[in-house]
Structures are given as structure tokens and as C-alpha cells.
Amino acid sequence: MKKLLPFLLSLSLLVLGACSLQPPEWAKPSQETDIEDIKIGLSVSTLNNPFFVSMKDGVEAEAKENGMDVVVVDAQNDAAKQINDVEDLIQQGVDVLLINPTDSAAISTAVQSANSLGIPVVTLDRSAEKGDVATLVSSDNEKGGEMAGEFLVEQLGEGAKVAELEGVPGASATRERGQGFHNIADEKLEVVAKQTANFDRTEGLNTMENLLQGNPDIKAVFAHNDEMALGAIQAIQSSGKDVLVVGFDGNEDAINSIQDGKLSATVAQQPEEIGSLAVQAGVDVLKGNEVDETIPVPLKLVTEETE
């Protein structure tokens, strides 16, 4: 009996742990939900970034137009927090999950939890490495990286020394934008330095200061988003150097900086459109309609000449 007790206790804990992942019966998504009754769970990587705020606004505007409720959670660029946030949304009984991953690998656990309960998942701007995702609504990040590289070649000529500010390690956008940039840069430019600044403006400033000290002869920098690009411009202005900066996103601050003759260019996305299309895709999935594996949103290279 003494040997049996530990086994029974372990079995009980295992069963209880499994049960804890299940939402209460009242919170489980209905298979026959009217569009006005749909509850959307939106998990955003960070709301400390104008791009993702615009994306959230797009989700909320589309949902409001159709009488749907949205519960928004901010992961604050913390992969562990995002997993907990999504589990909480599941407990609240959302009908569909819209997730903008902080880390494409880490979020797979939360996606699989939703899969086990039959809750559709749509990812925005960044993908999830594992789990069943109905669709990814995103710009072509790799193509955008190529656009940035081609612009720098046009402006500086082949062989110019350039640097790269990378986004959050593990994010698909970081990987894809970097890949696209290197598709061009590895053939026509000389990338002398690259370092992560985690898609953050302050980190972009500090990292750029270090890159300039170690590489005083660089002629340009490609930043994986506008926030890092704007931080890099501050560092460049303080140094008194003349360095071209290309960002990615097309947020309002970046467009203003281009108009002021500071930021050289940005690969502009349409974050509100990403949010709107994600809601539409989620509704289609709930209705049993087929959706494409990816839903592309067009990009545009914005420069002082195109403004």
C-alpha cells in the first residue's frame, strides 16, 4: 500500500494538470456562433510600438463594424508572458485567436493548446513554427528586405560598406527581413556589422552608437523596423556622420522623418489592413470557409521622392 500511494498521488496530479488546461464548459467556443456573438482574442507582441498599435486598431475597427467583441492582451515582448496571455484568452472562451508572436518558436505551445480545443488561430505579421495556424496575414518580409537592399545599391553603388540592425531573435520577421536583405547585400554590398536591437528605438540608438565606433566608415544601415531606424538616426546625428538609414514598417514617425530629410527610406506595410484582414480570415474559418495559407498585404518603398 505504501508503494501504491505515491503512484496514485502522481496520477491524480497528472489528471488535475491536464484538466487545468481546459476552459470551463461555459467558456468553450460554440460551433454555431453568430457573427455578432463572436469573441476575438488578440495577443500582440508589444503595444510599445506604433506599428502594432495600428494593427490592433485595424482588428478593433473591423470587429466593431461587425458587432464582434475583442479582448486585447499585450505580451510586452516577453515570450513567456505571451504564452500565459493566450492560455488566459482560452480560459475566457474566445472563439478565435489572433496572435502576433513575440517568438515564432515559443508561441507554438500556445497555438497547440488552442488546436486541442478546436479554437482557430490566425497569426499576424509573424508566423508560428509549430501548431495548426489557419493562415498568416503578413507582408512579404523577405521581399521587403530585398527592396531595402536594392535601394541601398541604387544610392551607394556596389561594394559599399553597410551595417544591419536586426529585430527580436526568434521572430520570423527578423529572419525573413534579414534573409531578403542578404539576398541582395551578400552579392552587391559589404555587410561589415550586424547586431540585434530588438525592434526597439532606444536599443537602436545605443546599438548604432557602438556600431559607429567599431565601424567608422559605414555608409548605410538597414534596420529591420522603423523604431530601430529612428534610434539609429539619433546616434548618427550625434556623431556628425553622413549615413543612409532604411527602416521597415512605414509608421507615422518614420514618414515624418523622411519628409524632414532624416530617414532615407522605409519599406512601408499596412498594419491596419493586416488587422482587418486577420479578423475577416478568422470569421471565414469559423464559418467553415477555406482560407489561403498566407494572406499577403502589399509593400511600398517610401522615400522623399515618393512622398
Side-chain angles (χ1 to χ4, degrees), residues 40-60 70-92 94 96-115 119-139 141-142 144-145 164-179 194-204 207 223-229 231 247-249 251 269 271-272 274-275 278-279 282 294 297:
I40 298 171
L42 172 63
S43 172
V44 184
S45 59
T46 175
L47 290 176
N48 189 30
N49 182 323
F51 176 82
F52 295 120
V53 173
S54 294
M55 191 176 68
K56 173 189 73 72
D57 291 344
V59 169
E60 292 179 328
V70 182
V71 181
V72 181
V73 287
D74 177 7
Q76 299 171 16
N77 271 334
D78 184 329
K81 182 180 185 305
Q82 186 164 45
I83 293 170
N84 291 332
D85 286 346
V86 173
E87 295 287 358
D88 184 56
L89 289 172
I90 290 172
Q91 288 291 321
Q92 292 183 50
V94 297
V96 60
L97 278 165
L98 309 185
I99 303 176
N100 160 236
T102 294
D103 185 302
S104 298
I107 199 60
S108 299
T109 301
V111 173
Q112 290 167 331
S113 292
N115 293 160
I119 301 174
V121 176
V122 173
T123 52
L124 296 78
D125 188 55
R126 305 169 184 172
S127 62
E129 289 189 3
K130 296 180 181 178
D132 182 13
V133 173
T135 186
L136 164 65
V137 184
S138 174
S139 305
N141 283 307
E142 186 169 339
E164 180 181 10
L165 290 178
E166 299 176 303
V168 174
S172 60
T174 298
R175 180 174 63 252
E176 292 161 5
R177 293 173 190 182
Q179 179 61 54
K194 61 180 181 178
Q195 192 170 333
T196 183
N198 292 304
F199 290 132
D200 182 79
R201 189 178 301 199
T202 300
E203 288 194 45
T207 304
H224 288 191
N225 81 337
D226 287 336
E227 288 297 291
M228 294 188 297
F248 200 121
D249 281 343
N251 69 36
Q269 302 192 80
E272 290 194 19
I274 291 174
V279 172
T294 59
V297 180

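Quick note: numbers below take in every heavy atom, side chains included, and nothing from hydrogens, waters or symmetry partners. Small disclaimer: the values here were computed from a predicted structure and weren't measured.
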With a 4.5 Å cut-off on side-chain heavy atoms, are L165 and H224 touching? no

So, do I90 and L97 sit near enough that their side-chain heavy atoms are less than 4.5 Å apart? yes

Starting at CD of Q195, measure out to CD of E166 and round the result to the nearest 0.5 Å. 9.0 Å

Using a 3.5 Å distance criterion without hydrogens, assess whether the side chain of K130 forms a donor-acceptor pair with backbone atoms of V111. no

Would you check if V59 and L124 make a side-chain contact, meaning some heavy-atom pair closer than 4.5 Å? yes

Reported CD-to-CD distance for the pair Q91 and E87, which is rounded to 0.5 angstrom: 7.5 Å

State, yes or no, whether a side-chain contact exists between M228 and F248 at a heavy-atom distance under 4.5 Å. no

I40 to V94 - nearest heavy-atom pair and separation: C-CG1, 4.1 Å

What I'd like to find out is whether the side chain of F199 reaches to under 4.5 Å of the side chain of T174, using heavy atoms alone. yes

State whether the side chain of T196 and the backbone N or O of G167 hold a donor-acceptor pair below 3.5 Å, judged by distance alone. yes

Pairwise distance CD(E227) to CG(N251) - rounded to 0.5 angstrom: 5.5 Å

Determine the minimum heavy-atom distance between I274 and S139, stating which atoms define it. CD1-OG, 4.3 Å

Using a 3.5 Å distance criterion without hydrogens, assess whether the side chain of R126 forms a donor-acceptor pair with backbone atoms of A171. no

Can you give me the closest heavy-atom contact between S138 and N141, atom names plus distance? OG-ND2, 3.6 Å

A side-chain contact here means heavy atoms from C-beta on lying under 4.5 Å apart; do L42 and K56 qualify? yes

Locate the shortest heavy-atom distance separating T123 from P101; write the atom from each residue and the value. CG2-CG, 4.4 Å

If you measure only the distance, is there a donor-acceptor pair under 3.5 Å linking the side chains of S43 and Q82? yes

Just to verify, which of D78, D125, N100 counts as forming a side chain to side chain donor-acceptor pair (under 3.5 Å) with S45? N100

Taking every heavy atom of S172 against every heavy atom of S127, the minimum-distance pair comes out as OG-N, 2.8 Å

Interatomic distance, D249 atom CG to F52 atom CZ [nearest 0.5 angstrom]: 6.5 Å

Is a side-chain donor or acceptor of N115 paired with a backbone partner of D132 at a separation under 3.5 angstrom? yes

For V70 and V279, run side-chain contact (heavy atoms from CB on, under 4.5 Å): C-alpha distance rounded to whole Å, both residues' side-chain angles, the deciding distance at 0.1 Å, then the answer. CA-CA 10 Å; V70 182; V279 172; over 6 Å; no

If every non-hydrogen atom of N198 is compared with every non-hydrogen atom of N77, which pair is closest and at what distance? O-ND2, 4.4 Å

To the nearest 0.5 Å, tell me how far E129 CD sits from I107 CD1. 11.5 Å

Would a distance-only check, ignoring hydrogens and angles, find a side-chain to backbone donor-acceptor pair under 3.5 Å from D226 to A229? no

Point-to-point distance, once rounded to the nearest 0.5 Å, from OG of S104 to CD1 of I99: 11.0 Å

Within the distance-only criterion (no hydrogens, no angle test), does the side chain of D85 pair as donor or acceptor with the backbone N or O of V73 below 3.5 angstrom? no

